[in-house]
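See structure below.
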Amino acid sequence: MIHSNVVDRSVSRFFGWLGLLVGQYPSYFLICTVMLTGLLVTGFQRGRYNGDPEYLFTPTEGRSKVERNILQALFPMNESENFDMGRVAALKMFGRVLIMAKDGGTVLRPEIMKVVKDFDLIIRNITVNLEGRDLVYEDICARKRGRCYSNDILDFPNGIPQFQNGSYIIKWPLMISRKTFKVNFYGAFLGGVETDAEGYVLSATVAKIGYQLDRANPKLAKVLPEWEDKFLNLFHHLHSRYPNLTISYLVSKSLSEEIEKNADTAFPYFSITVVVMITFSVSSCIMLDAVRSKPWLGVLGFISSMMAVGSAFGFMIYLGVMVIGINSVIPFLMIGIGMDDTFVLLAAWRRTDRSASVASRMSVAYRQAGVSITVTSLTNFISFWVGLSTPFPAMKVFCSYTAVAVLFTYLYHITFFGACMTLAGRLEARNLHSLTLLPSTPKSLAKNRGPWFRLFCTGGRNPEDPDNPDDNEDHYMMVWFRDKMGTALESTRVKIIVFIGFGLYLALAGWGIAHLEEGIQFQELTRYDSYAAKYFEIEYQHFQRYPFRIQILLNSTINYADPQIQHDVEAMVQRFEANSFIEAKYLTESWLRVFLRFLKDRRTSYFLENYNLTKKEDFIHVLRHVFFRFEPARHFENDVLFNENFTEIIATRYIVQSGPVTEAVTVKKFISEMRAIADSSPFNISIYHFYFVLLEQLLFIRDITIQAIVVAAIVMMFVIFIFIPNPVCAFWVAFSIVSIEIGVVGYMALWHVTLNITSMVCLIMCIGFSVDYSAHISHAFISSKKESISERMREALFYVGMPIFQGSVSTMIGVIALAFAPSHMFIGFFKTVFLVILFAGLHGLIILPVLLSIPYEKLKNNLEAFKKRLFETCFAKGTSKNTVTLEKISPIQTPNNQITVVEVATSPQEPVACVNDGFVEEPL
């Protein structure tokens, strides 16, 4: 506590000196900050934008990335030769189209399937030019055994009439031709499928066609982006020609491009924010005294915040930090944070002695407000700095930019804005009108003038009567917070209402936390009106029956000719199949299972009678030179990895197919269970699906959020205990942090905001924001010279009630424009920040004043008086020698001066008694 007083006094003295310096030499601070801003904003020309969703929204060292590297090292895929959609490590260059009938009926109709085939023909004829040669899809497609990646759905368009009359059937999701042995996985091409009891298709809501491009050829790779652009341009215009169909489309770069466009969504609304914010700032800085009003300081506070944002961005870009889309919300946040400091400094200025010099008033104002704005800026800075400990690059980049922006906002407000305050103070000292800068008439000398003149053109002090009350009225809102609100909060009835409301608030928040959802869907990263959002929505709705084809990698050199090894490997695959999420076991691809069946088939036994298949050499020879030559088994060649001289099998691959896995909680459980099976295997097993890289955040988001919040909260509480030299105040500020965080998480869930990277940023930011207003009111409370707790509470509201109200409203105004942006991400950001500011403001203006105004000393004194009366009554009785249990309490002095220590005797069987020197007084 002594140390805290030292810190508080030291910081106050420093700001007193700084305020005096700013008050004496404002021009230096103005010129230096403007020049620094001009220098740093030149960094914008060097900005590097990154919109890669995988890089931004996935853990840096995620397990899925490690397992992808293992897959690519063991089974590299050459898209020019052996492309296999079920075995890819990553989706690279592609184009996809979804076709639905607007009447909601099946797409398996001749007229719709004709459109599908026409689309296929148009897409295959898209041309790109490479070194003077026109290339079509057939020239740049990903291939398998010389054939382009094909759409199985196009194998039967001519058979649709037969399908309708029942003479042609489609097995779903998998159909194998008995003539050609071709495997058609219709689960990837038909969505919203209805089947009969035997699994044959009756209808399908969506048809999908896809096109994979060859990135393995470095020459062709140059023209693939051009092909994707032409693909998009084609469907941007083509879909309007089919009013009866819903056509959605996507290419590989769609998500990253739409994330970038999503970032641009916020900027058109920024101009609206500027107008509304300046209007609010100017109006809230106006008083009935035209001289003491500070409308231009409201504008200059906003300018100071924007200068800070520009300087912070330029500084970070010069440091080489990339620019990401979510950074576009930082100016909206800094407006609120900067204006909060503006209002606190202005409130401190209004409380200074008007008869003192401007430099002296600046010194006093800085001394009064310095600790408060330092605590809030420091806690905001630390809360964002904690975000750097998370494994998500998007989080790290955003928090680093925001933390530096907070720092620049703080520095600019105590330099640039302080200099502006000095100039405004000099105008006030000369009795000049705050808006027109013309001389003004004091109100005490304008009683005979017209009402409009008295309202707009009067103010300042009468030099002949400087203490005239007509010229020294306090700001009406400051008075209202002290006299009206402060008095109301003193009422016991109001306190009870506040506590009941607070209990309901916590109860509802707890219910919301129990229903908090996690994760982010791809369409939430794009604009509402994005073609990509439309595609993701339809795909998510209709293609989740068989979403994940899991690759199981056995990365060990073992003897597969050993029957025990064969048994163990089969048991390992069956453990995966036994999982409740692996529904379609007949879709499993196991080269070993099929090979062992092949060996036992009577039709092949005479080929193999001269081989000893328990011998490793013979086993490998038959596998390579016999089994892999059969057409149905040829695709297994890419599932077995031999050493250089083909004497050992050093790695193998197996494929299992999941059933429906849709909700974030089931995806999280599915990935965890798959990994648990892999980790418990006696072999070195890795599992992989290309979507796991993006979905892996589900496994960490809750734990990382809790960890970051706890760390930030502990650091904040440490800062509070240092700067607020009062244990009771510090405790209640810490309590407010916890309460606000609980409320934000709970009501965020009730407002349909999921826990994802964006909301995690807001929750960490919540820690810093939750300190702001509580720190303002607490520091004003302990700084008050009043003796009564109630008077100190009212004076604290008089000092900072208005700045808290202005700061909370200005921050809400700063982000409210995001609510109108056609973006899931920005609307979620708005909702979370709105809740943070709302609850922080309510705690600062209502909850904390009520808690601080509880007469703790009076309660303690009443309790001590009760104890004293109890024992004085007790010693008036006789004695007894009953044995009881003792509990020591405070010493008191009895009338005969013989008692120095008094103890309370309590026993389950005896009433309360008093004890002295081994004798027990009779119970009361």
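Computed from a predicted structure; not experimentally measured.
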As a quick check of understanding, evaluate side chain to side chain contact (heavy atoms under 4.5 Å, CB included) for L255 and T526, giving each step before the final call.
CA-CA 7 Å; L255 186 56; T526 67; 3.9 Å; yes
Decide whether a cation-pi geometry holds between K171 and Y200; the criteria are a distance under 6.0 Å from NZ or CZ to the six-membered ring centre and an angle within 45° of the ring axis.
yes
Axial cation check for F94 ring with R96, 6.0 Å and 45° limits
yes
Any [X] side-chain heavy atom under 4.5 Å of [Y] side chain:
{"X": "I247", "Y": "L238", "answer": "no"}
{"X": "F670", "Y": "I582", "answer": "yes"}
{"X": "Y401", "Y": "V323", "answer": "yes"}
{"X": "N82", "Y": "M77", "answer": "yes"}
{"X": "M760", "Y": "I701", "answer": "yes"}
{"X": "F83", "Y": "R143", "answer": "no"}
{"X": "I335", "Y": "V815", "answer": "no"}
{"X": "I324", "Y": "L56", "answer": "yes"}

Determine, for [X] against [Y], whether the closest basic-nitrogen to carboxylate-oxygen distance falls under 4.0 angstrom.
{"X": "E663", "Y": "K668", "answer": "no"}
{"X": "E138", "Y": "R147", "answer": "no"}
{"X": "R702", "Y": "E518", "answer": "yes"}
{"X": "K261", "Y": "E258", "answer": "yes"}
{"X": "K253", "Y": "D229", "answer": "yes"}
{"X": "D84", "Y": "K144", "answer": "yes"}
{"X": "E589", "Y": "R653", "answer": "no"}

Got a donor-acceptor contact below 3.5 angstrom from the [X] side chain to the [Y] backbone?
{"X": "S658", "Y": "F581", "result": "no"}
{"X": "N151", "Y": "L154", "result": "no"}
{"X": "K230", "Y": "T127", "result": "yes"}

For [X] versus [Y], what's the shortest heavy-atom pair and its separation?
{"X": "M93", "Y": "P225", "answer": "CE-N, 3.8 Å"}
{"X": "A532", "Y": "L250", "answer": "CB-CD1, 3.8 Å"}
{"X": "L245", "Y": "K102", "answer": "O-CE, 3.2 Å"}
{"X": "S759", "Y": "V753", "answer": "CB-CG1, 4.2 Å"}
{"X": "A101", "Y": "I112", "answer": "CB-CD1, 3.7 Å"}
{"X": "L98", "Y": "I538", "answer": "CD1-CG2, 3.7 Å"}

Any luck finding a side-chain donor-acceptor pair between [X] and [Y] under 3.5 Å?
{"X": "T588", "Y": "Q657", "value": "no"}
{"X": "H752", "Y": "E517", "value": "no"}
{"X": "D214", "Y": "S80", "value": "yes"}
{"X": "D120", "Y": "Y211", "value": "yes"}
{"X": "Y249", "Y": "S254", "value": "no"}

Starting from the C-alpha separation in whole Å, work towards a yes-or-no answer on salt bridge (charged side-chain N to carboxylate O under 4.0 Å, His left out) for D529 and K534.
CA-CA 8 Å; D529 54 357; K534 184 179 176 182; over 6 Å; no
Around [X], counting heavy atoms of other residues, nucleotides and ligands shown, do more than 12 lie under 6.0 Å from its [atom1]?
{"X": "E198", "atom1": "CD", "value": "no"}
{"X": "F820", "atom1": "CZ", "value": "no"}
{"X": "K219", "atom1": "NZ", "value": "no"}

Run the ring-ring contact (aromatic ring centres under 6.0 Å, His included) test on F392 and F57 for me, step by step, so that the C-alpha distance in whole Å, both residues' side-chain angles and the decisive distance to 0.1 Å come before the verdict.
CA-CA 6 Å; F392 302 107; F57 301 109; 8.7 Å; no
Go through it in stages, so that I can follow the logic: the residues are F830 and F834, the test is ring-ring contact (aromatic ring centres under 6.0 Å, His included), and I'd like the CA-CA distance, side-chain angles, deciding distance and then a yes or no.
CA-CA 6 Å; F830 157 74; F834 180 85; 5.7 Å; yes
Please walk me through it: do L224 and K92 pass side chain to side chain contact (heavy atoms under 4.5 Å, CB included)?
CA-CA 10 Å; L224 300 187; K92 295 182 179 177; over 6 Å; no
Verdict with supporting geometry, R68 and E54, salt bridge (charged side-chain N to carboxylate O under 4.0 Å, His left out)
CA-CA 13 Å; R68 180 173 64 188; E54 179 185 314; 2.6 Å; yes
[X] side, atom [atom1]; [Y] side, atom [atom2] - distance, nearest 0.5 Å:
{"X": "Y137", "Y": "Q212", "atom1": "OH", "atom2": "CD", "result": "7.0 Å"}
{"X": "I757", "Y": "M825", "atom1": "CD1", "atom2": "CE", "result": "11.0 Å"}
{"X": "S252", "Y": "L213", "atom1": "OG", "atom2": "CG", "result": "7.5 Å"}

Aromatic centroids of F332 and F829 separated by under 6.0 Å:
no
Between Y242 and F119, is the gap from one ring center to the other below 6.0 Å?
yes
With ring-ring contact (aromatic ring centres under 6.0 Å, His included) as the criterion, how do W751 and Y747 come out once you've worked through the C-alpha distance, each side chain's angles and the decisive distance to 0.1 Å?
CA-CA 6 Å; W751 209 353; Y747 289 88; 9.8 Å; no
Before giving the answer on ring-ring contact (aromatic ring centres under 6.0 Å, His included), spell out for Y535 and Y531 the whole-Å C-alpha distance, their side-chain angles and the decisive distance to 0.1 Å.
CA-CA 6 Å; Y535 179 93; Y531 71 90; 8.9 Å; no
With W172 as reference, evaluate Y546, F185, Y186 under the ring-ring contact (aromatic ring centres under 6.0 Å, His included) test and give the passing residue.
Y546
Can you check side-chain hydrogen bond (donor to acceptor under 3.5 Å, both in side chains) on K65 and T58, steps first, answer last?
CA-CA 9 Å; K65 292 182 179 178; T58 61; 2.9 Å; yes
Criterion side chain to side chain contact (heavy atoms under 4.5 Å, CB included) against F189, the qualifying member of V206, I209, I153:
I153
Please identify which of these residues, N579, I552, I687, meets the side chain to side chain contact (heavy atoms under 4.5 Å, CB included) condition with V656.
I552
Pair listing, side chain to side chain donor-acceptor pair (under 3.5 Å) test, anchored in residues 824-838, at least two apart
none
Could you walk me through whether V397 and N327 pass the side chain to side chain contact (heavy atoms under 4.5 Å, CB included) check?
CA-CA 8 Å; V397 173; N327 283 358; 4.1 Å; yes
